[in-house]
Amino acid sequence: MKEEVDKELYDVEHIQKKLAHLQMMLEMEEISEEAYQEQEEVLLARYRIAKKAEQERLRESLEE
């Protein structure tokens, strides 16, 4: 269960899809600019964490 939650929270591809969906919602005026910025900030923070973890896993696999 924890792995599934982590994957949804910190999966790079999943976060990219959520960012694209968020952008589309803004363009269609389904959310305000303020709501967009708040959600984007959260997603970008998760994206940075996910990319860092991805790079660490890659580095570890190369060291093996």
Side-chain angles (χ1 to χ4, degrees):
M1 181 74 171
K2 182 183 181 319
E3 289 177 13
E4 291 175 27
V5 171
D6 285 348
K7 181 174 173 50
E8 183 167 324
L9 285 176
Y10 300 109
D11 180 69
V12 172
E13 187 175 320
H14 181 78
I15 296 168
Q16 288 172 330
K17 287 179 184 178
K18 294 203 58 104
L19 282 165
H21 179 71
L22 186 63
Q23 178 69 38
M24 185 176 65
M25 289 174 63
L26 177 65
E27 290 172 5
M28 297 178 71
E29 299 180 354
E30 293 178 5
I31 59 172
S32 68
E33 180 73 32
E34 182 179 322
Y36 170 82
Q37 289 176 351
E38 289 173 5
Q39 292 179 45
E40 181 189 44
E41 186 177 316
V42 170
L43 288 170
L44 290 175
R46 285 176 31 200
Y47 182 82
R48 286 189 290 274
I49 292 167
K51 285 301 282 186
K52 184 176 180 182
E54 185 179 76
Q55 290 171 349
E56 287 175 7
R57 284 191 302 272
L58 178 60
R59 192 174 306 117
E60 287 173 1
S61 71
L62 292 173
E63 290 175 355
E64 292 178 353

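Fair warning: this is a prediction, and the values are worked out from it, not measured in the lab. Just so it is clear, the values below take in all heavy atoms, side chains as well, and ignore hydrogens, waters and symmetry mates.
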request  = Count the heavy atoms of every other residue, nucleotide or ligand shown that sit under 6.0 Å from CD of Glu13, and state whether that count exceeds 12.
outcome  = no
ask   = Out of curiosity, Met24 CE to Leu19 CG, how far, rounded to the nearest 0.5 Å?
value = 12.5 Å
request  = For residues Tyr47 and Gln16, determine if any side-chain heavy atom of one lies less than 4.5 Å from a side-chain heavy atom of the other.
outcome  = yes
ask   = Hey, what do you get for CD (Glu54) to NZ (Lys52), rounding to the nearest 0.5 Å?
value = 14.0 Å
ask   = Between Arg57 and Glu60, is there a side-chain N and carboxylate O pair less than 4.0 Å apart?
value = no
key: SB check Arg59 Glu63 (cutoff 4.0 Å)   = no
query = Side chains of Lys18 and His14: does their closest heavy-atom pair fall under 4.5 Å?
reply = yes
Cluster check Val42, Leu26: I/L/V/M/F/W/Y, side chain < 4.5 angstrom = no
ask   = So how far is it from Glu30 CD to His21 NE2, rounded to the nearest 0.5 Å?
value = 7.0 Å
Side-chain donor-acceptor pairs under 3.5 Å in residues 32-39, sequence neighbours left out?
from	atom 1	to	atom 2	distance (Å)
Ser32	OG	Ala35	N	3.0
Glu33	OE2	Gln37	NE2	3.1
Tyr36	OH	Gln23	OE1	2.8
Tyr36	OH	Glu40	OE2	3.2

message = To check you understand the geometry: which heavy-atom pair defines the closest contact between Leu43 and Ile15, and what is its length?
response = O-CG2, 3.5 Å
